[in-house]
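First comes the structure, then the notes that go with it.
Everything numeric here is computed off the predicted structure, so don't read it as measured data.
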Amino acid sequence: MWQPDRLSKQPLYQQIADHLERRISFGEFPPSSLLPSERKLAEKLGVNRSTIVLAYAELRSLGVIESHSGSGTRVSKHKWGLTPRHTPNWHRYVEGGHFLPNLPFLRRIREALEQNRSLIDFASGELGADISPVAEINQLMSQDYYTEYLGYDNPQGFLPLRKSLVTYLDTYRNIPTTESSILITSGSQQSLYLITQCLLAPGDAVAIEDPSYYYSLPMFQSAGIRLFRLPVDRQGINPEDVRTLYKKHRIKMVFINPNHQNPSGVVLSPERQVELLNVSSELGLPIVEDDPFSLTTYNGIPTPPLKSIDTFGSVLYIGSMSKIAASGLRVGWMVAPRSVIERLADARQQMDYGLSVVPQRVAAQFLNSPLFEPHLERLRMRIQSKRDLLVTSLRKELGDMVSFDIPEGGLHLWCRIKPEVNESRLLEECIRRGVIYVPGSVYGSDSDYVRFTFARAREEDIVPGIAKFADALNTVLNDKI
Ligand SMILES: Cc1ncc(COP(=O)(O)O)c(C=O)c1O
């Protein structure tokens, strides 16, 4: 008798759905015939009933079977038998593309947040509504300026926004540039995507920080890129490690997030910045500097970016409105040599004809408006006060069971849990109690870390959120004893 293969990478429910679909298509179960009940089939195959529920749901979504309360699950009348099959096997298509799905933990987090809107959210790496410039953006958007004609625009980006960014980059990041060296993207994420798709090829090796936000992006693996680790200590990555990786693996590029790194919060020290640029110019190795968090530096004096001292033209600089204004605007930018910008703008044209002009106008107006600077000042203060609440409650609730460095900017706290725990179990216990965070392994780390984002949750939820986390952690640890 057929049994699912427990060692296969394909989920059990999918194997069962495929098997039943095959038997139905061979005529073993004719149209309208009754299928075994979920409980019976689960017993026969030695799986949980929930696995059969999922398998039947998959077949129902394909139109292969129908369930009616009281009359059980039957093979569809209309799809089978004499009538030709009409429903494509979407599952095979879905599995067939080369773009890999998100990591299971990230899919679980998204699902949990969708199912329960009142979860205390230490997982989403963004600003909460209470500290976003909602009123400012509303004020800008209510101006009649927005009734202008909306046509296809330059895929490189809306010119007034690129002009505003020239001033912004010079004022806030000490980066002198011109409109023609800027590409507007749909967030930093799209800059990373364009780089992997257009400037790298399958098989290329790149170096990324460990731990790193980039581990959470199967996008690199989808593009066939091999990732190598650069350990991060309190001063960031060690530039000598870049040289070693170059010698060993001929890395083609280095991706770093040097300012308030996600997830560790670390800032690459000015000495190491200089050393890194020296190594990169010696080897002719490009550096992608992903810099979304620097303007959140709580004391208002961010470390200048690598790009500001990049005399060799080695750095592709990436910025975004997401962590300083609103992630939903989807406005990001890249500063790069013109040949690179032109190549990537051409790719943009093929992908989506460029970002919608509407958020680009909002971003340009916000950057130029007298509302921007006071917003930044308020933002820094409020994120810092959320950080303080998190730090105090972690110490109070968990004491020696956790250790962390206190970040001086950014939205995240990278927290080590002393006794190692089962990551999935802890996450599920937290979700049950109404709180969520990101398990450390998402960032390529061992399972004894978690990332708490403190900018997203409301201030009043931070203390109860950590109490729930502590309760879940104690429960999971007690299990082990
Ligand atoms: C280091 C880093 N880079 C890029 C991104 C993507 O941001 P966005 O596309 O919203 O600008 C994030 C988001 O969390 C991030 O943490």
Side-chain angles (χ1 to χ4, degrees), residues 97-99 126 132-133 136-138 140-170 172-173 175-201 217 219-220 222-223 253 255 286 288-292 295 307 315-369 372:
H98 75 269
F99 209 83
E126 61 182 349
S132 278
E136 290 88 334
I137 288 177
N138 270 318
L140 297 171
M141 288 185 79
S142 61
Q143 296 174 4
D144 55 8
Y145 182 71
Y146 288 94
T147 53
E148 270 182 29
Y149 169 68
L150 284 175
Y152 289 125
D153 202 65
N154 185 340
Q156 192 182 333
F158 184 52
L159 188 59
L161 174 58
R162 285 186 282 136
K163 285 192 165 150
S164 310
L165 282 169
V166 170
T167 312
Y168 165 90
L169 288 162
D170 190 30
Y172 290 100
R173 301 309 286 131
I175 297 175
T177 186
T178 60
E179 298 99 70
S180 52
S181 303
I182 297 177
L183 174 75
I184 304 300
T185 56
S186 169
S188 319
Q189 191 82 353
Q190 193 178 38
S191 293
L192 299 171
Y193 181 69
L194 288 167
I195 292 169
T196 55
Q197 292 294 318
C198 304
L199 307 184
L200 294 167
L217 304 178
M219 173 177 101
F220 286 98
S222 304
M253 218 175 250
F255 283 72
V288 176
E289 180 179 27
D290 184 9
D291 188 33
L295 290 197
K307 185 73 188 161
V315 177
L316 303 179
Y317 178 85
I318 297 176
S320 169
M321 291 298 268
S322 289
K323 319 293 176 177
I324 53 169
S327 44
L329 272 179
R330 304 311 300 135
V331 171
W333 49 87
M334 187 189 313
V335 182
R338 260 161 90 167
S339 55
V340 172
I341 295 291
E342 278 163 18
R343 168 82 177 93
L344 300 189
D346 179 73
R348 275 312 290 283
Q349 172 117 31
Q350 299 174 51
M351 283 169 64
D352 61 358
Y353 286 103
L355 184 66
S356 162
V357 170
V358 177
Q360 297 194 69
R361 277 197 178 142
V362 176
Q365 276 195 297
F366 191 35
L367 292 175
N368 293 340
S369 94
F372 185 61

**Message:** I'd like to know whether K307 forms a side chain to side chain contact (heavy atoms under 4.5 Å, CB included) with L169, so could you lay out the CA-CA distance, the side-chain angles of the two residues, the decisive distance to 0.1 Å, and finally the verdict.
**Reply:** CA-CA 10 Å; K307 185 73 188 161; L169 288 162; over 6 Å; no
**Request:** Evaluate side chain to side chain contact (heavy atoms under 4.5 Å, CB included) for L217 paired with T196, printing each intermediate quantity in order.
**Result:** CA-CA 11 Å; L217 304 178; T196 55; over 6 Å; no
**Request:** Could you walk me through whether V340 and L199 pass the side chain to side chain contact (heavy atoms under 4.5 Å, CB included) test, one step at a time?
**Result:** CA-CA 8 Å; V340 172; L199 307 184; 4.0 Å; yes
**Message:** side chain to side chain contact (heavy atoms under 4.5 Å, CB included), that's the test. Do L344 and T185 meet it? Break it down for me.
**Reply:** CA-CA 10 Å; L344 300 189; T185 56; over 6 Å; no
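Heavy-atom contacts from other residues, nucleotides or ligands closer than 6.0 Å to OH of Y152 number 12 or fewer.
Expressed to the nearest 0.5 Å, how far OG of S356 lies from CG of L329 amounts to 10.5 Å. The distance from the CG atom of L165 to the CG atom of N368 is 9.0 Å, given to the nearest 0.5 Å. With rounding to the nearest 0.5 Å, the separation of CD1 in I175 from OH in Y317 is 4.5 Å. Rounded to the nearest 0.5 angstrom, S142 OG and I137 CD1 are separated by 12.0 Å.
In this structure, R338 contributes its side chain and S180 its backbone to no donor-acceptor pair below 3.5 Å. Of the possible polar contacts, one joining the Q156 side chain to the I182 backbone as a donor-acceptor pair under 3.5 Å is found. Within the 3.5 Å criterion, the main-chain N or O of F366 finds no donor-acceptor partner in the side chain of E136. Between the side chain of K323 and the main chain of P292, no donor-acceptor pair closer than 3.5 Å is present. Side-chain atoms of Q360 come within 3.5 Å of backbone atoms of F158 as a donor-acceptor pair (strictly under, hydrogens ignored). In terms of modelled atom types and a separation under 3.5 Å, the side chain of R330 and the main chain of S327 share a donor-acceptor contact.
The shortest distance between side-chain heavy atoms of Y172 and L367 does not fall below 4.5 Å. Using a 4.5 Å cut-off on side-chain heavy atoms (C-beta onward), I195 and M253 make contact. The shortest distance between side-chain heavy atoms of L295 and Y168 falls below 4.5 Å.
Residues R348 and Q190 bring a donor and an acceptor atom of their side chains to less than 3.5 Å of each other.
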